[in-house]
Amino acid sequence: MDMRQQEFDVAYASGDFENAEQFVVEALADRPDNPHWLNQLGLLYFAQGQYSDALAAFDRAVCADPHFLEPLLNGAILLSDLGYYDEAAQRFDAAKLIDSSVPSQAGALGLGSTLPLPLGHLPASLGVAIGRAAAEKYLQLSDALLELNLFVRAQEAAEEACRHYDHARARLQLARTYLAQLQPDRALLEVENARRHDPRFVELHVFSALLHFVRNERSEALDALTRAEMLADTTALGQVLRQAYAGSGAALN
């Protein structure tokens, strides 16, 4: 990571948007079509509530590097936050199409447009970094779609996240989309998949308890809550479930 990026990250994280914008301006003065810094500009505008400017910056980043997924997904998240669900869904669909083609090394690194390279030809650490970054964007989009009751779209976004970087949180998100669609059996399967990735992920055990409760499997629900409690569960859902069982006269072992 170059010094300018480090300085931008510090300013952005601390809410010093004036200095953060100065780093972006300097970077774009050197190269106005740099997709990474155009995406950073969009994030900066987004954080300040300048949504039209943010969307324009994300679009410029996509035009500069059509293989750069992050600004396309950022635009989808922004539009869904503003209630433009159809437009957000269109960008999500476009991202899936682009994502099925060859990723750009430039977009992943923020270096601008170069010849795209197959993921398998990149260093292993870079391939993982690309996958994690893309998965995080898809999870953000899935969260937004789930809140909007667009359950199938949320499921598709969670599936894309798993495809990019299969880990416990992505599988848990997929389970949530299944439960939202009244499919607790499929949700429970994804929870079990997630536990294979990270058996100490507390939220998995809490959500497992909820699923077993929905399936009227009281003993299994209590077992899951016990596992969560042993892992020092402090989630709101875990507290609610424990209170519900305490109120019914049940006790955790």
Side-chain angles (χ1 to χ4, degrees), residues 67-81 85 88-105 107-108 116 118-212 214-215 224 227-228 231 235 237:
H67 295 285
F68 191 10
L69 275 177
E70 185 172 346
L72 188 57
L73 292 173
N74 284 334
I77 293 168
L78 186 156
L79 287 166
S80 66
D81 284 349
Y85 311 135
Q90 289 172 6
R91 287 175 185 249
F92 170 52
D93 291 340
K96 288 198 296 182
L97 287 175
I98 292 173
D99 202 18
S100 65
S101 63
V102 183
S104 159
Q105 183 182 30
L119 189 60
H121 291 181
L122 300 178
S125 59
L126 178 58
V128 172
I130 293 171
R132 291 181 67 131
E136 184 59 35
K137 291 300 175 183
Y138 278 116
L139 287 177
Q140 291 179 33
L141 184 57
S142 180
D143 278 334
L145 294 169
L146 198 57
E147 290 181 6
L148 298 170
N149 296 330
L150 299 174
F151 301 139
V152 174
R153 294 282 188 182
Q155 175 192 329
E156 292 173 347
E159 289 171 344
E160 288 297 316
C162 291
R163 186 172 69 81
H164 277 282
Y165 185 69
D166 197 355
H167 62 301
R169 194 159 65 85
R171 289 290 173 178
L172 176 58
Q173 179 66 15
L174 185 54
R176 287 175 173 145
T177 68
Y178 283 137
L179 181 59
Q181 297 175 78
L182 304 180
Q183 301 177 45
D185 294 350
R186 295 185 69 182
L188 193 58
L189 286 175
E190 291 305 329
V191 167
E192 293 306 312
N193 286 335
R195 286 177 61 187
R196 283 193 281 271
H197 286 287
D198 184 1
R200 298 186 61 81
F201 188 15
V202 174
E203 290 182 40
L204 291 176
H205 300 287
V206 174
F207 195 72
S208 177
L210 175 63
L211 291 172
H212 285 300
V214 170
R215 288 157 53 99
R227 291 194 299 270
L231 293 169
T235 65
L237 178 58

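If you read the sequence from its start, that first residue is 1, and numbering goes on from there.
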Would you give me the side-chain donor-acceptor pairs under 3.5 Å for residues 199-206, sequence neighbours excluded?
residue: E203; atom: OE1; partner: R176; partner atom: NH2; Å: 3.1
residue: H205; atom: ND1; partner: R227; partner atom: NE; Å: 3.2
residue: H205; atom: NE2; partner: P199; partner atom: O; Å: 2.7

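- Taking CG from L210 and NE2 from H212, the interatomic distance works out to 10.5 Å, rounded to the nearest 0.5 Å.
- L211 CG to E192 CD: the interatomic distance, rounded to the nearest 0.5 Å, is 9.5 Å.
- Side-chain contact between E136 and E70 is absent, with no heavy atoms from C-beta onward closer than 4.5 Å.
- Taking CG of N74 as the start and CG of L141 as the end, the distance is 10.0 Å to the nearest 0.5 Å.
- Note that OG1 of T177 is 10.5 Å distant from CG of D143, once rounded to the nearest 0.5 Å.
- Residue R215 holds its CZ atom at 4.5 Å from CG of D185, rounded to the nearest 0.5 Å.
- Note that the CG atom of L139 and the SG atom of C162 stand 7.5 Å from one another [nearest 0.5 Å].
- Scanning for side-chain hydrogen bond (donor to acceptor under 3.5 Å, both in side chains) contacts around S142 gives Q173, with sequence neighbours left out.
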So R196 and N193, side chain to side chain contact (heavy atoms under 4.5 Å, CB included) or not? Walk me through it. CA-CA 5 Å; R196 283 193 281 271; N193 286 335; 2.2 Å; yes
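- Summarising the geometry of A135 relative to Y165, their closest heavy-atom pair is CB-CB, 3.7 Å, with the distance given to 0.1 Å.
- Considering only heavy atoms from C-beta on, Q155 comes within 4.5 Å of E159 through its side chain.
- In this structure, A175 and V191 approach most closely via the heavy-atom pair CB-CG2, 3.9 Å.
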Please test L179 against F207 for side chain to side chain contact (heavy atoms under 4.5 Å, CB included), starting from the C-alpha separation and ending with a verdict. CA-CA 10 Å; L179 181 59; F207 195 72; 3.6 Å; yes
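- Put simply, the side chain of E160 never gets that close to the backbone of E156: no donor and acceptor are under 3.5 Å apart.
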For residues 146-154, which side-chain donor-acceptor pairs fall under 3.5 Å, sequence neighbours excluded?
residue: R153; atom: NH1; partner: D93; partner atom: OD1; Å: 2.7
residue: R153; atom: NH1; partner: D93; partner atom: OD2; Å: 3.1

